[in-house]
Each structure stands twice: as structure tokens, then as C-alpha cells.
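Heavy atoms only: backbone and side chains are in, while hydrogens, waters and symmetry mates are out. Each chain gets a letter, A, B and so on, in the order its sequence line appears, and its residues count up from 1.
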Number of protein chains: 2
Amino acid sequence: MPATENALAERLVPNVMVAACPSRRILSHVTSRWGVLALMALRGRTMRFSALRRHIGGVSERMLAQTLQTLEADGFVIRRSFDVVPPHVEYSLSELGEEAAEKVASLVLWIEGNLERIPGAQGD
Amino acid sequence: MPATENALAERLVPNVMVAACPSRRILSHVTSRWGVLALMALRGRTMRFSALRRHIGGVSERMLAQTLQTLEADGFVIRRSFDVVPPHVEYSLSELGEEAAEKVASLVLWIEGNLERIPGAQGD
DNA sequence: GTAAGTACATACAAAATTGTAAGTGTAAAC
DNA sequence: GTTTACACTTACAATTTTGTATGTACTTAC
């Protein structure tokens, strides 16, 4: 089989094991330190920037803004800005975002619910 | 309610939104760049170090070794070493690891299967 | 009138992650 | 006899991520 077929197959069937596959980039955004938590926080609800920041323990303004921009560019997060002062901006998930967040939540909830069974989470 | 109750609640009910919660560390290991892929690769099968390295596109020896050690310390990965030369080491998932990997796989497969719907994955 | 809240952007520094290259010790393949 | 494979480890450098501090422009509460 010629090399063109491989290139074609890679475009038709995304595979994270392939370094250049775009799924790698999306995966890294969704599984990023603050990306996971932002998706979790926005599941099924709308939140303002500051509320999000207070909700997600330890996140800085800079990191939260950056994370939300990345997720928005991917199409997971929707940003609605009202032209008032002081500023008012609402964040929510798109249908796509809700679907991704559901998967992420499944993992996170499993970890939270099984922490006691995880040796690496004990002591220390 | 006194502060002791909060501390107690945090130990009884793990919450990733709390910066100091141990679930954060475990989450970061499982969602780390190479951690995700190692868990995916080992689902339902045993693999040797070099085979894993060839399977996971773009991973260096250093990063793979480090990732496997972290996941082993957490209790997700089992390392079996045979005392022969050249070295022979087999990696597999513990029951715990299989459960975590299942959740991770669910997310990864969703991304792979929905890449075309994700605006941020198009073009570049 | 002073402080706090809103939603960021920006410059800079610090810290963490990741990669590269080399070394180990033996054995089988060429 | 030279190369290749195995499963790493270590030192060092480059890169990326993350934090800190500051500024913005205006309004409401004290």
C-alpha cells in the first residue's frame, strides 16, 4: 500500500497514539490542569468569571482566562459578554462541551469516589 | 459549625475543587500527557517497555519510564521484571488501573470519534 | 473619599515539564 | 568483531507552564 493511503487513513480515523494527530491537542486542552476543573464547574450551569475563579480552588486570574479562551476556541465553552460597567461576562458549555465534560466528570468522580482504594493517594 | 468539621468533611468527601485535596494529584497523574496514553495502551493487555515506547508515538524513554513509575506508585500499573539478560520487563494494569483506564478511554474515544465536530480541531 | 468588585491584559520571573545525549552490561544476530 | 536490542538512569539544556504584580475604567458601598 502506498504512503498516500496511510495519510488518508490517519485523516479518516483519528488516533491519539499518533504524535501528529489533532486529537492530541484537543486531549491536552481538555485534560489540562485547569481545563478539567473548568469543564467540571460549568456542567449544566452558567457562571461568571469571578464565580468560576472562587469555585476552582487555587486558579489564578491569568490561568483561568487563558484556559477559558482555549476551551472557547475549541468550541467547548460559550462566552457571553454584556456591555455594562462593571463588566459582566457569562460562561457556559456548548452541547459539545457538555458531552466532553460528561466524560471528564466520569473520570473525576471515579477518582473522588475511589480515593481510599488508591495507594498513591494515601498518607504523604 | 467549627473549623474541625470542615477539615473532617474534606477528608470524608474528596473534592477536586479544593486545591489541597489529594484527588488533584491523582488526577494530574492520570491526565498527564503520557499518563493518558500509557493507560490507554495497557488496557486489557500486557506490554514490554520497548513495545509501549513504539506504540505511544513521540514518547521518550525518559518520559515513559517516569510516567510508568508514577502510575505504579499510585497503584494503577503493575511491573513484572524477569531476571534475565537482556532485561525483560512486563507492564500491565491492576484492577484499579483498568477501572481508571476505562474512564480515560471513554474520554479519548469520544474525542477521536467527534474530532470533526470540534471546531478547534479543524484546519489550524 | 477610600476601598472593593468586575473581567480581563500584559510584562516579567519562577518553576515545572520535557527532551537530548550518553552510559550500563550482556547476548544474539550479522 | 561490530551492531542491535533490552530497560532503564543520569546530567544537562531547552521549552513550556504557571504565578505575581500591575494596570484599566467605572461603579457601588461605606
Side-chain angles (χ1 to χ4, degrees), chain A residues 16-20 24-39 41-42 45-74 77-92 120 124, chain B residues 16-17 19-20 24-39 41-42 45-74 77-92 124:
Chain A
V16 269
M17 293 303 171
V18 176
R24 278 266 181 105
R25 255 207 5 270
I26 302 300
L27 180 65
S28 76
H29 297 166
V30 168
T31 60
S32 73
R33 182 168 180 192
W34 306 115
V36 174
L37 300 180
L39 290 173
L42 290 174
R45 63 176 158 182
T46 290
M47 284 182 105
R48 296 181 63 175
F49 185 86
S50 291
L52 266 172
R53 173 148 150 68
R54 282 186 295 266
H55 190 76
I56 302 173
V59 73
S60 67
E61 293 193 351
R62 188 183 178 281
M63 278 301 105
L64 182 57
Q66 202 168 292
T67 300
L68 290 171
Q69 283 165 10
T70 300
L71 293 177
E72 193 196 355
D74 285 343
V77 162
I78 296 169
R79 192 190 108 111
R80 271 189 49 190
S81 152
F82 302 86
D83 195 15
V84 295
V85 77
H88 183 122
V89 180
E90 292 182 348
Y91 289 93
S92 58
D124 208 273
Chain B
V16 270
M17 293 304 172
R24 280 265 182 106
R25 255 205 7 268
I26 302 299
L27 181 65
S28 77
H29 296 167
V30 168
T31 61
S32 72
R33 181 166 181 194
W34 305 117
V36 173
L37 301 179
L39 289 173
L42 290 173
R45 64 176 159 183
T46 290
M47 284 182 105
R48 295 180 65 175
F49 185 86
S50 292
L52 265 173
R53 174 148 148 70
R54 280 186 296 265
H55 190 76
I56 302 174
V59 72
S60 67
E61 292 193 351
R62 188 182 178 281
M63 278 301 106
L64 182 56
Q66 204 168 291
T67 300
L68 290 170
Q69 283 165 10
T70 300
L71 293 177
E72 193 196 355
D74 285 344
V77 161
I78 296 169
R79 192 189 107 112
R80 272 190 48 191
S81 152
F82 301 86
D83 195 17
V84 293
V85 78
H88 184 122
V89 180
E90 291 183 350
Y91 291 91
S92 58
D124 196 287

Of the non-hydrogen atoms in B:Ser60 and B:Arg53, which two are nearest, and what is the gap between them? CA-NH1, 3.6 Å
B:Ser81 versus B:Val89, closest heavy-atom pair with distance: CB-CG2, 4.0 Å
Could you work out which one of [options] sits closest to the side chain of [X]?
| X | options | value |
| --- | --- | --- |
| B:Ala65 | D:dT9, C:dA7, C:dT26 | D:dT9 |
| A:Arg62 | C:dT18, D:dT20, C:dC8 | D:dT20 |
| A:Ser60 | C:dC8, D:dT20, C:dT18 | D:dT20 |
| B:Arg79 | D:dA7, D:dA5, D:dT10 | D:dA7 |
| A:Gln66 | D:dT18, C:dT18, C:dG25 | D:dT18 |
| A:Val89 | C:dT18, C:dC8, C:dA27 | C:dC8 |

Touch class at under 4.0 angstrom, heavy-atom based, for [X] against every strand present:
| X | result |
| --- | --- |
| B:Phe82 | nothing |
| A:Gln69 | sugar-phosphate |
| A:Arg53 | nothing |

Take A:Gly58 and B:Pro86, find for each the nucleotide of DNA chain D with the closest heavy atom, and name the residue whose nucleotide sits nearer the 5' end. B:Pro86
Whichever of A:Ser32 and A:Pro87 has its nearest DNA chain D nucleotide further upstream toward 5': A:Ser32
In this structure, how many angstroms lie between the [atom2] atom of [N] and the [atom1] atom of [X], rounded?
| X | N | atom1 | atom2 | answer |
| --- | --- | --- | --- | --- |
| A:Tyr91 | C:dA7 | OH | C1' | 7 Å |
| A:Arg33 | C:dT17 | CZ | C1' | 12 Å |
| B:Arg54 | D:dT4 | CZ | C1' | 12 Å |
| B:Leu64 | D:dC6 | CG | P | 13 Å |
| B:Ile56 | C:dT18 | CD1 | P | 13 Å |
| A:Met47 | C:dC8 | CE | P | 14 Å |
| A:His88 | D:dT28 | NE2 | P | 15 Å |
| B:Arg80 | D:dA7 | CZ | C1' | 16 Å |

Heavy-atom nearest nucleotide on DNA chain C for B:Val59 versus A:Arg48: which residue maps closer to 5'? A:Arg48
Could you please spell out the steps behind the side chain to side chain contact (heavy atoms under 4.5 Å, CB included) verdict for B:Val59 and B:Leu37? CA-CA 10 Å; B:Val59 72; B:Leu37 301 179; over 6 Å; no
Is there a donor-acceptor contact under 3.5 Å from the side chain of A:Arg24 to the main chain of A:Val16? yes
Going through the distances and angles, do B:Leu52 and B:Leu68 end up as a side chain to side chain contact (heavy atoms under 4.5 Å, CB included)? CA-CA 10 Å; B:Leu52 265 173; B:Leu68 290 170; 4.1 Å; yes
